[in-house]
Asks: 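Take this structure, written in C-alpha cells, and hold onto it; I'll ask about it next.
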Amino acid sequence: VSPGNSALAMSEWRDSLGTMRTFAYIVWRMNEKRFKSKVDAWIALLIVGVVLMDIVFIYIFAFSGNGLAAQSGVFLSLIGVLVLLSWLTLRTYYTVADQTLKIVCGPFRWKIPIADIHSATPTRSLWSSPALSLDRLRIEYGNGRRIMVSPADKQGFLGAIGHGGN
C-alpha cells in the first residue's frame, strides 16, 4: 500500500465515520419527543409589558443627564432583565428521549429518569416552576422531589412519560 492510498483510505474512513455519527444523531432525534410549554395569555402580556417597560427605561436612562456610572449600572441591569426574560420565554420546553425527561427553561435545566417518576397530576399552583401557564402538571419523582411543567400537548406528554392514565 502506497502512502497516497493510505491517506485516501483514512479520508474515506473519516467520511464514513462522520456519516455514521450523522445517522446516529438523526435516529436519536427521531426517538426524541419535544413538547413546548403552554403559554397563558396573561403571562405573555405580563412578560411583553415588562420587556416594553424595560426598553422604555433603557431609552430614558440612555438619554438622561444622570452620571455615566449610574446610567451604566441601570442600563446593564435593564439589559440583563430583558435578556433573561426573553431567554426564559423563548426557551421553555420539555423533551423525552432515552428514558429521560429533560426540562429546559432558559439557562435552567433538569434531567429526570422516566423510571423515577411516581406521578404526574394536574395543578394550578402559583409556585415558581419551568412553566409558562398555570395549566400545569406536578411531576413527583425520586425521593420526595417535585417539579411543575405546562406542556401544550398534555396528553401526548403524559403518554411519553408513561403516565397517560393519570
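In what follows, residues are counted from 1 in the order of the sequence shown. Since the structure is predicted, the reported quantities are computational estimates derived from the model, not experimental observations.
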Asks: Taking all heavy atoms of I117 and all of Y141, pick out the closest pair and write down the distance.
Replies: CA-CB, 3.9 Å
Asks: With rounding to the nearest 0.5 Å, note down the distance linking NZ in K38 to CG in L134.
Replies: 10.0 Å
Asks: Taking I79 as the starting point, is it possible to reach M53 by hopping between hydrophobic residues whose side chains are less than 4.5 Å apart?
Replies: yes
Asks: So how far is it from S125 OG to R146 CZ, rounded to the nearest 0.5 Å?
Replies: 9.5 Å
Asks: Can you name the closest pair of heavy atoms from M148 and S128 and give their distance?
Replies: CE-O, 4.5 Å
Asks: Say you draw a straight line from CG of D153 to NZ of K36; how long is it, rounded to the nearest 0.5 Å?
Replies: 12.0 Å
Asks: Closest approach of L158 and A120, non-hydrogen atoms and distance?
Replies: CD2-CB, 3.6 Å
Asks: Do side-chain atoms of T100 reach the backbone of K111 as a donor and acceptor pair under 3.5 angstrom?
Replies: no
Asks: Under the criterion side-chain contact (heavy atoms from CB on, under 4.5 Å), I'd like the reasoning laid out for L88 against F108: C-alpha separation, chi angles, the key distance, then a yes or no.
Replies: CA-CA 9 Å; L88 291 172; F108 308 106; 4.0 Å; yes
Asks: Answer yes or no: is there a donor N or O on one side and an acceptor on the other, between the side chain of Y93 and the main chain of K102, under 3.5 Å?
Replies: no
Asks: Looking at every heavy atom in both I161 and I114, which two are closest together, and how far apart are they?
Replies: O-CG2, 3.6 Å
Asks: Considering all heavy atoms of both residues, which atom of Y94 and which atom of S37 are nearest to each other, and what is their separation?
Replies: OH-OG, 3.4 Å
Asks: Please report the C-alpha distance between R136 and S129 in whole Å, then the side-chain angles of each, then the deciding distance to 0.1 Å, and finally whether the side chain to side chain donor-acceptor pair (under 3.5 Å) criterion is met.
Replies: CA-CA 9 Å; R136 299 173 172 184; S129 65; 3.1 Å; yes
Asks: Using 4.0 Å as the upper bound for N to carboxylate O, is an ion pair formed by R145 and D116?
Replies: no
Asks: Apply side-chain contact (heavy atoms from CB on, under 4.5 Å) to D135 and S150, showing your working.
Replies: CA-CA 6 Å; D135 185 14; S150 61; 5.7 Å; no
Asks: So, taking the atom named CH2 in W127 and the one named CZ in R138, what distance separates them when rounded to the nearest 0.5 Å?
Replies: 12.5 Å
Asks: Quick one: does any side-chain atom of S119 pair with a main-chain N or O of T121 as donor and acceptor, under 3.5 Å?
Replies: no
Asks: Count I, L, V, M, F, W, Y as connected when their side-chain heavy atoms are under 4.5 Å apart, and connections chain through other members. Are V96 and I147 then in the same cluster?
Replies: yes
Asks: So, for L137 and T123, which heavy atoms are closest and what is the spacing to 0.1 Å?
Replies: C-CG2, 4.3 Å
Asks: Check whether any side-chain heavy atom of L84 lies under 4.5 Å from a side-chain heavy atom of P107, and answer yes or no.
Replies: yes
Asks: Dump the intermediate steps for side-chain contact (heavy atoms from CB on, under 4.5 Å) on V39 and I47, then the final yes or no.
Replies: CA-CA 11 Å; V39 182; I47 290 170; over 6 Å; no
Asks: Test of understanding: clusters of I, L, V, M, F, W, Y form through side-chain heavy atoms closer than 4.5 Å, transitively. Do V50 and V48 belong to the same one?
Replies: no
Asks: Between F157 and L101, is the side-chain contact (heavy atoms from CB on, under 4.5 Å) condition met? List the steps.
Replies: CA-CA 10 Å; F157 179 82; L101 168 61; 3.7 Å; yes
Asks: Is E140 atom CD crowded by more than 12 heavy atoms from other residues, nucleotides or ligands, each under 6.0 Å away?
Replies: yes
Asks: Measure the spacing between CD1 of I103 and CD1 of I112 and express it to the nearest 0.5 Å.
Replies: 4.0 Å
Asks: Give a yes or no on whether W42 and L85 share a hydrophobic cluster (residues Ile, Leu, Val, Met, Phe, Trp, Tyr; joining criterion: side-chain heavy atoms under 4.5 Å apart).
Replies: yes
